[in-house]
Novice: 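The structure is given below, and queries will be raised subsequently.
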Amino acid sequence: MSKLLFDPMKHPEWIAPQTAEWHANLASEDGGYKYPWKSVLDEPRAEVILADKIVEFLNENARVLDVGCGHGEFTKRFAHKAKEVVGIDIVEGYIASAQEDTVESVSFLTVDADTPIPFPDDYFDIVYTKKGPWLFHKGIEEGYRIIKPGGIVLGLHHCGTDGGLRSFFPGLYAPFPENYLDDIKMKFELQLSESNLENVELQIFEEIEYLSSPEDVLIKKCFGQKESLKKIVWQECLKDVEEIFHRHATPKGLRVVNYHVLMFGIASQSA
Ligand SMILES: C[S@@+](CC[C@H](N)C(=O)[O-])C[C@H]1O[C@@H](n2cnc3c(N)ncnc32)[C@H](O)[C@@H]1O
């Protein structure tokens with residue numbers, strides 16, 4: 001049995017990822033939702049799969065909404081490819097970063113997607129989210145209100161990283177629960193089957209990433225945490241992580257697998 005490493009999630013300073021406090025910390029420290037670790041990704045990358053799918057449906061008259069756009073880097077890709085692209089996010093600091101380099105035809109607004117979205121009925125031709133809120137849950141009307149009948153809905157969700165990472169660094173990373181990926185698939189399938197979307201499709205796919213150095217293992221684990229906790233984690237773990245990393249790394253870095261779900265649907269014409 002390998003040595004159990006320090007578990008930063010048990011430290012009182014640990015901030016639960018994806019909470020309001022965690023996003024506020026990230027926005028104040030980094031100004032955006034940017035992965036700070038160094039790595040190399042094999043093609044096809046998850047965000048390229050999503051971007052290609054969006055581009056398939058774009059035209060010069062299309063209006064596009066990015067829900068939970070973060071600092072807007074991805075949103076801006078669609079500038080000049082559509083009539084209007086809007087990014088919304090609940091975190092003011094992310095929206096402030098997004099607005100720093102304005103691009104024609106793209107705008108950003110601080111909006112909580114769980115409240116009314118400030119656009120008229122049937123406004124958008126495409127509504128997507130890249131790892132943000134999904135507006136097409138059972139019982140939520142807002143997504144259906146702002147999208148045109150026949151409009152395109154897309155969602156990319158990150159479902160965790162493994163491919164060895166979780167067994168190489170016990171304690172620092174916990175194993176996926178049994179049947180984790182099957183359960184995830186079932187959860188998203190149910191979500192789509194209960195929605196009012198038509199022609200639904202769901203795809204789970206693997207993205208291969210090579211973490212560049214032992215420190216990147218820790219940077220990934222401590223994404224969005226405070227500097228004071230990072231210092232403790234480095235002191236507690238770096239030596240062991242270096243040893244484990246060099247035992248398993250390939251010439252490109254430590255190979256890990258990111259699991260993603262891509263959801264697709266068309267807003268009902270009869271809604
Ligand atoms: C995992 S991050 C993804 C950010 C960006 N789409 C990206 O891929 O880099 C999730 C984003 O959803 C935003 N978010 C979470 N809840 C939200 C809500 N209720 N309304 C609007 N945005 C929200 C967060 O602030 C965060 O920027």
Side-chain angles (χ1 to χ4, degrees), residues 15-39 41 44-55 64-79 82 85-101 103 106-119 123-124 126-147 153-161 184 188 191 205 207 209 219-225 258-264:
I15 311 171
Q18 306 297 335
T19 56
E21 185 192 357
W22 184 87
H23 280 297
N25 187 52
L26 199 56
S28 71
E29 289 197 357
D30 297 332
Y33 190 91
K34 300 168 198 160
Y35 291 163
W37 59 90
K38 289 205 183 68
S39 69
L41 289 156
R45 286 176 289 140
E47 69 168 46
V48 172
I49 291 176
L50 176 64
D52 287 351
K53 197 83 185 161
I54 293 168
V55 167
V64 183
L65 178 67
D66 181 342
V67 185
C69 61
H71 61 283
E73 197 176 321
F74 184 79
T75 328
K76 287 174 189 169
R77 281 177 178 226
F78 307 111
V85 184
V86 179
I88 60 169
D89 203 285
I90 194 171
V91 178
E92 272 178 36
Y94 293 161
I95 292 297
S97 295
Q99 286 168 334
E100 271 169 21
D101 300 307
V103 182
V106 183
S107 61
F108 294 97
L109 293 173
T110 306
V111 174
D112 177 354
D114 294 332
T115 62
I117 295 174
F119 288 93
Y123 192 76
F124 291 102
I126 301 173
V127 174
Y128 74 82
T129 186
K130 181 160 102 44
K131 303 183 282 183
W134 174 252
L135 293 185
F136 301 89
H137 282 293
K138 193 180 177 185
I140 298 183
E141 299 297 324
E142 197 57 1
Y144 299 105
R145 183 187 69 73
I146 55 166
I147 196 164
V153 175
L154 283 159
L156 176 74
H157 298 281
H158 182 224
C159 307
T161 303
I184 287 276
F188 284 110
Q191 196 170 299
F205 60 90
E207 178 189 63
E209 181 172 20
I219 294 170
K220 178 175 169 63
K221 181 71 199 186
C222 293
F223 180 36
Q225 301 298 321
N258 298 316
Y259 294 95
H260 287 89
V261 166
L262 182 68
M263 297 200 286
F264 170 85

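Both ligands and their constituent atoms are indexed starting at 1 by order of listing. Since this is a predicted model, take the numbers as computed values, not measurements. Residue numbers count from 1 along this sequence.
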Novice: Given 3.5 Å as the limit, does a donor-acceptor pair link the side chain of T129 with the main chain of G155, or not?
Specialist: no

Novice: With a 4.0 Å cut-off on heavy atoms, does T75 reach ligand 1?
Specialist: no

Novice: Would you say ligand 1 has an N or O under 3.5 Å from any N or O of K130?
Specialist: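 Among all N and O atoms of K130, at least one is under 3.5 Å from an N or O of ligand 1.
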
Novice: For atom 10 (C) of ligand 1, what's the nearest protein heavy atom and its distance?
Specialist: K131 O, 3.3 Å

Novice: If only atom types and distance count, is the side chain of R145 paired as donor or acceptor with the main-chain N or O of P116 below 3.5 Å?
Specialist: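 No, because the side chain of R145 does not come within donor-acceptor range (under 3.5 Å) of the backbone of P116.
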
Novice: Would you kindly specify which portion of P133 sits under 4.0 Å from ligand 1, judged on non-hydrogen atoms: side chain, backbone, both or neither?
Specialist: side chain

Novice: Give the residue and atom name of whichever protein heavy atom lies nearest to atom 25 (O) of ligand 1, and the separation in Å to one decimal.
Specialist: D89 OD1, 2.6 Å

Novice: State whether the side chain of W22 and the backbone N or O of F223 hold a donor-acceptor pair below 3.5 Å, judged by distance alone.
Specialist: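 Confirmed, W22 side chain pairs with F223 backbone.
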
Novice: Which ligand 1 atoms, with their elements, are less than 4.0 angstrom from a heavy-atom of V111?
Specialist: 20 (N), 21 (C)

Novice: Could you establish whether F74 and ligand 1 come within less than 4.0 Å of each other, counting only heavy atoms on the residue side?
Specialist: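 It does not; every heavy atom stays at 4.0 Å or beyond.
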
Novice: Starting from atom 20 (N) of ligand 1, locate the nearest protein heavy atom and write down its residue, its atom name and how far away it is, to 0.1 Å.
Specialist: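 Ranked first by proximity to atom 20 (N) of ligand 1 is A113 N, 2.8 Å.
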
Novice: How far is atom 22 (N) of ligand 1 from its nearest protein heavy atom, and which residue and atom name does that atom have?
Specialist: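 Ranked first by proximity to atom 22 (N) of ligand 1 is I90 N, 3.2 Å.
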
Novice: In terms of the angle between their ring planes, are W37 and Y35 parallel, tilted or perpendicular, with boundaries placed at 30° and 60°?
Specialist: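 Plane angle under 30°, so parallel.
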
Novice: Based purely on interatomic distance, does G68 place a nitrogen or oxygen under 3.5 Å from a nitrogen or oxygen of ligand 1?
Specialist: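 Yes - when backbone and side-chain N and O of G68 are compared with those of ligand 1, one distance drops under 3.5 Å.
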
Novice: Tell me, with the steps shown, if H71 and Y33 meet ring pair (Phe, Tyr, Trp, His ring centres under 6.0 Å).
Specialist: CA-CA 6 Å; H71 61 283; Y33 190 91; 7.7 Å; no

Novice: For the backbone of N258 and the side chain of E209, can you confirm whether one donor and one acceptor N or O come within less than 3.5 Å of each other?
Specialist: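 The answer is no, because no donor-acceptor pair under 3.5 Å joins these two groups.
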
Novice: Does H260 offer a backbone N or O that forms a donor-acceptor pair with the side chain of E207 under 3.5 Å?
Specialist: no

Novice: Does D66, backbone or side chain, put an N or O under 3.5 Å from an N or O of ligand 1?
Specialist: no

Novice: Could you check whether any heavy atom of Q18 sits closer than 4.0 Å to an atom of ligand 1, since that is the contact criterion I want to use?
Specialist: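 Judged by the 4.0 Å heavy-atom criterion, Q18 does count as contacting ligand 1.
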
Novice: Please answer whether the main-chain N or O of I15 pairs with a side-chain N or O of Q225 as donor and acceptor at a distance below 3.5 Å.
Specialist: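 Pair found, side chain donor or acceptor close to backbone of I15.
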
Novice: Any nitrogen or oxygen of I88 lying under 3.5 Å from a nitrogen or oxygen in ligand 1? Just yes or no.
Specialist: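 In this structure, I88 places no N or O atom under 3.5 Å from an N or O of ligand 1.
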
Novice: Atom 19 (N) of ligand 1: which protein heavy atom is closest, and how many Å away?
Specialist: D112 OD1, 2.9 Å

Novice: Is V91 in polar range of ligand 1, meaning some N or O pair under 3.5 Å apart?
Specialist: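 It does not: no N or O of V91 is found under 3.5 Å from an N or O of ligand 1.
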
Novice: Mind running side chain to side chain contact (heavy atoms under 4.5 Å, CB included) on I95 and L109 for me, showing each step along the way?
Specialist: CA-CA 7 Å; I95 292 297; L109 293 173; 5.9 Å; no

Novice: Do any N or O atoms from the side chain of K76 and from the backbone of D101 form a donor-acceptor pair under 3.5 angstrom?
Specialist: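 Side chain of K76 to backbone of D101, a donor-acceptor pair under 3.5 Å: yes, one is there.
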
